[in-house]
Amino acid sequence: MFKSYSMDLAGRTLTIETGKMAGLANASVLVKYGETSVLVNATSSKEPKEGIDFFPLSVEYSERLYAVGKIPGGFNKREGKPTEKAILTSRAIDRPLRPLFPKDFRNDVVIDCLVLSVEQDCSPEVCSMIGASCALSISDIPFGGPTAAVNVGFIDGQVIINPTESQREVSRLNLTVAGTIDKIAMIEAGAYELTNNEMLEAIKTAHIEIKKICGFIQNIKNEIGKPKFEYKSFAVDEEVYEMIYNEFKDRMYQDVQTADKIERDAKMDLLTLDVNNWYAEKFGEEKLEEDKSKIADSLYKLEKKTVRKMILDEGKRVDGRGIYDIRPLSCEVDVIPRVHGSGLFNRGRTQVLSITTLGMKSEEQILDGLDNEESKRYMHQYNFPGYSVGEAKPSRGPGRREIGHGALAEKALVPVLPSVEEFPYAIRVVSEILSSNGSTSQGSICASTLSLMAAGVPIKKPVAGISTGLITDENDPSKYVVITDIQGIEDFFGDMDFKVGGTRDGITAIQVDIKVDGLSYDIIAEAFDRTLKARTYILDEIMGPVINEPRSEISKYAPKIITMQIKPEKIKDVIGTGGKTINKIIEETGVKIDIEEDGNVFIYSDDSAKAIDAQGIIEDIVREIEVGEIYTGKVVKINDKLGAFISVGNKEGLLHITQIAKEYVKRVEDYLKVGDEVTVKCTSIDEQGRINFSRKDLYEE
């Protein structure tokens, strides 16, 4: 049965319709916000997926270019693999939903968000996040929501909910917040140095709207929601767990307290072997084979409980650090020859190498998505090979995690980059993860800051990144510990990975992943305080002594740039028919040239002298010939009766035979030949634009 529900959201009408489309999905909703429309479908398999130890949730955010009236490029004229923005949106939809499914649920669940139309003032990403929550809430799929989400801007000290396109252009903040009625479930932000208090205020303001949307979805669920279906539980076998706990809890407590990751992993492997041998002796080989997955689940639970209990009750971490302590840090620059800039950052066993490359502005990335952004000049890419975690696996290209971590580092650094007018380069930074034990994305921010400064990119301020974690008491949610600089095991067994990048003066990026049902304001405020102290320490004590400001010159291997401005109507003269003129300049000087529609010209060359030569040629081409001015030109043609035709830039004028010399000239070729350079003075320009030169006047002068 068709149903339609509406509410006001930030001054625009949000409508959710159901019962009209996609009737075979477990639930389907059409979300309308302004003229943006997104169809969201939630589907679950009838049986669980066997042989896995995680919940198989898939979120697909599908962009269709018909939504903005475009036809895809390429031979096939259809959409290909998802854009990076679509992948990032899928991750943002996933993160607040995943913790609200039952922990023992193993059925496949797929959320598909199909963008049908886009009005740039009304975010399809927000519509998708709201629609996914609503579809799950009214479906028969077990889900503990609802959740909701909004975008937040910050303009002139004011928090703006769901800013329009024009507001986003001037906003110091691009924040997406998701949450339940009670808590914050996800934070994703890029910002121009907002303070902790400003960011917390933006999150609190967002939560006011989130509560309204959650209430709206709850009312829809109360009216048309289906009963949740029964499912096969994959909870840990309590009988097997109790046996292993009683026999091996002391051994686990001792072995897990090993500072070095490699040694600790070796002890855990040996403990697993000993548990299996003990189980086989007690129950026989056949029973061991039958219960191997139960044993593995029980060992996982025992290790998790041990690590969490140590932190929560004793303030003790597996590597011996206190809850505020950062792992050993070090960094250096110029570790790779010939590249334009390189930085190496070490945090414990995590090691990141970032390399900067400077290129022509025309080499910036071209975007083909649903918004109006057509290109980006700064590209940050993140690679996570198998060897970084000691695994023998081939690289299959960047996955969603790699794209997400690269985008986070990019957000952190964009606010401190120079404008294109200050530094007219396309900039690419690649972060290679050489070794991973947690916080690689934050290590990428630090390594990339080092690399950019070493490359001579005049960033406004250095940026550092740090993560905090959370351990909560399962029986008493008010009891918790926030820990600084989480490593892999604490991320794996903890409740939160709260990543913050920023300068000494403010936040530039946030990404928060949680495994519980949400975060209180107190936890968020404490995480902000911890990350500010930690990144200030990193900037002042670790990175500053190595390189504290951008180098004054770029690498000798980077292209040098000369910029100049010409009148837009002169662009055609510089390019020439079929590109003949500009190609000739490039051929003669060996430079590369970019010309923009507004008349900005960028000349790139490894040889500064060649760039200056090219600049001179272009200046000659666009130069306006004025009466009384003196020019150096070239003889391009001779007529014995008239005189010589002189080319100055792209203009030609006549040097009449009577104006060649003081004395009488009988034959022009006695004085000039084709190809000669000659200095002349413009004496007149007639109504038809014909130019007359004189050399005789210069002799007299």
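Using a 4.5 Å cut-off on side-chain heavy atoms (C-beta onward), Arg530 and Ile466 make no contact. No side-chain heavy atom of Val482 sits under 4.5 Å from any side-chain heavy atom of Ile323. The shortest side-chain heavy-atom distance between Leu299 and Glu303 does not fall under the 4.5 Å cut-off. With a 4.5 Å cut-off on side-chain heavy atoms, Ser44 and Phe105 count as touching. No side-chain heavy atom of Asp497 sits under 4.5 Å from any side-chain heavy atom of Gln442. Contact annotation: the side chain of Asp513 approaches that of Lys499 to within less than 4.5 Å [non-hydrogen atoms, C-beta and beyond]. Proximity of Leu100 to Leu136: side-chain heavy atoms (C-beta onward) are nowhere separated by under 4.5 Å. Residues Arg504 and Lys461 fail the side-chain proximity criterion, which asks for heavy atoms closer than 4.5 Å.
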query: Could you go step by step and tell me if Thr176 and Glu188 meet the side chain to side chain donor-acceptor pair (under 3.5 Å) rule?
result: CA-CA 5 Å; Thr176 301; Glu188 181 93 36; over 6 Å; no
query: Passes side chain to side chain donor-acceptor pair (under 3.5 Å), Ser436 versus Ser388? Steps please.
result: CA-CA 5 Å; Ser436 172; Ser388 68; 5.3 Å; no
query: Glu125 and Arg91: salt bridge (Lys or Arg N to Asp or Glu O under 4.0 Å), yes or no, with the steps?
result: CA-CA 11 Å; Glu125 295 85 3; Arg91 285 168 54 86; over 6 Å; no
field: Evaluation steps, side chain to side chain donor-acceptor pair (under 3.5 Å), between Arg401 and Tyr382
entry: CA-CA 9 Å; Arg401 181 179 182 278; Tyr382 168 105; 3.2 Å; yes
- request: Please assess Glu474 against Lys309 for the test salt bridge (Lys or Arg N to Asp or Glu O under 4.0 Å), listing each intermediate value before the final yes or no.
  value: CA-CA 10 Å; Glu474 294 178 1; Lys309 191 175 190 311; over 6 Å; no
From CA spacing to verdict: salt bridge (Lys or Arg N to Asp or Glu O under 4.0 Å), Arg349, Asp260: CA-CA 8 Å; Arg349 280 279 184 175; Asp260 185 78; 2.8 Å; yes
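Put simply, the side chain of Thr508 gets close to the backbone of Gly501: a donor and an acceptor are under 3.5 Å apart. Although no hydrogens or angles enter the test, the distance criterion places no donor-acceptor pair under 3.5 Å between the side chain of Thr258 and the main chain of Arg264. Asn196 contributes a side-chain N or O that, together with a main-chain N or O of Phe528, makes up a donor-acceptor pair within less than 3.5 Å.
With a 6.0 Å radius and a threshold of 12 heavy atoms from other residues, nucleotides or ligands, Glu239 has its CD atom at or below the threshold. Other residues, nucleotides and ligands place no more than 12 heavy atoms under 6.0 Å from the CD atom of Gln254.
Residues satisfying the side chain to side chain donor-acceptor pair (under 3.5 Å) test with Glu402, not counting sequence neighbours, are none.
Ring geometry for Tyr378 versus His380: interplanar angle over 60°, hence perpendicular rather than tilted (30 to 60°). Between Phe55 and Phe101, the ring-plane angle classifies as tilted under the 30° and 60° cut-offs.
Tested against Asp485 for a salt bridge (charged side-chain N to carboxylate O under 4.0 Å, His left out), the candidates Lys533, Arg321, Arg535 yield a single pass: Arg321.
Phe492 and Tyr300 have their aromatic ring centers within a separation under 6.0 angstrom.
Nearest approach of Gly443 to Arg347, heavy atoms of both residues: N-NH1, 3.7 Å. Heavy atoms only, all atoms of each residue included: Leu57 and Arg98 are closest at O-NH2, 3.2 Å. Nearest heavy atoms, Lys249 versus Asn246: NZ-O, 4.0 Å.
Cation-pi contact between Lys282 and Tyr279: absent, since separation from the ring centre below 6.0 Å together with deviation from the ring axis within 45° is not met.
Checked by atom type, the side-chain pair Tyr241/Asp297 shows no donor-acceptor distance below 3.5 Å. Using modelled atom types, one finds a donor on one side chain and an acceptor on the other under 3.5 Å when comparing Thr503 with Glu193.
The CG atom of Leu452 sits 4.0 Å away from atom OG1 of Thr356, with the distance rounded to the nearest 0.5 Å.
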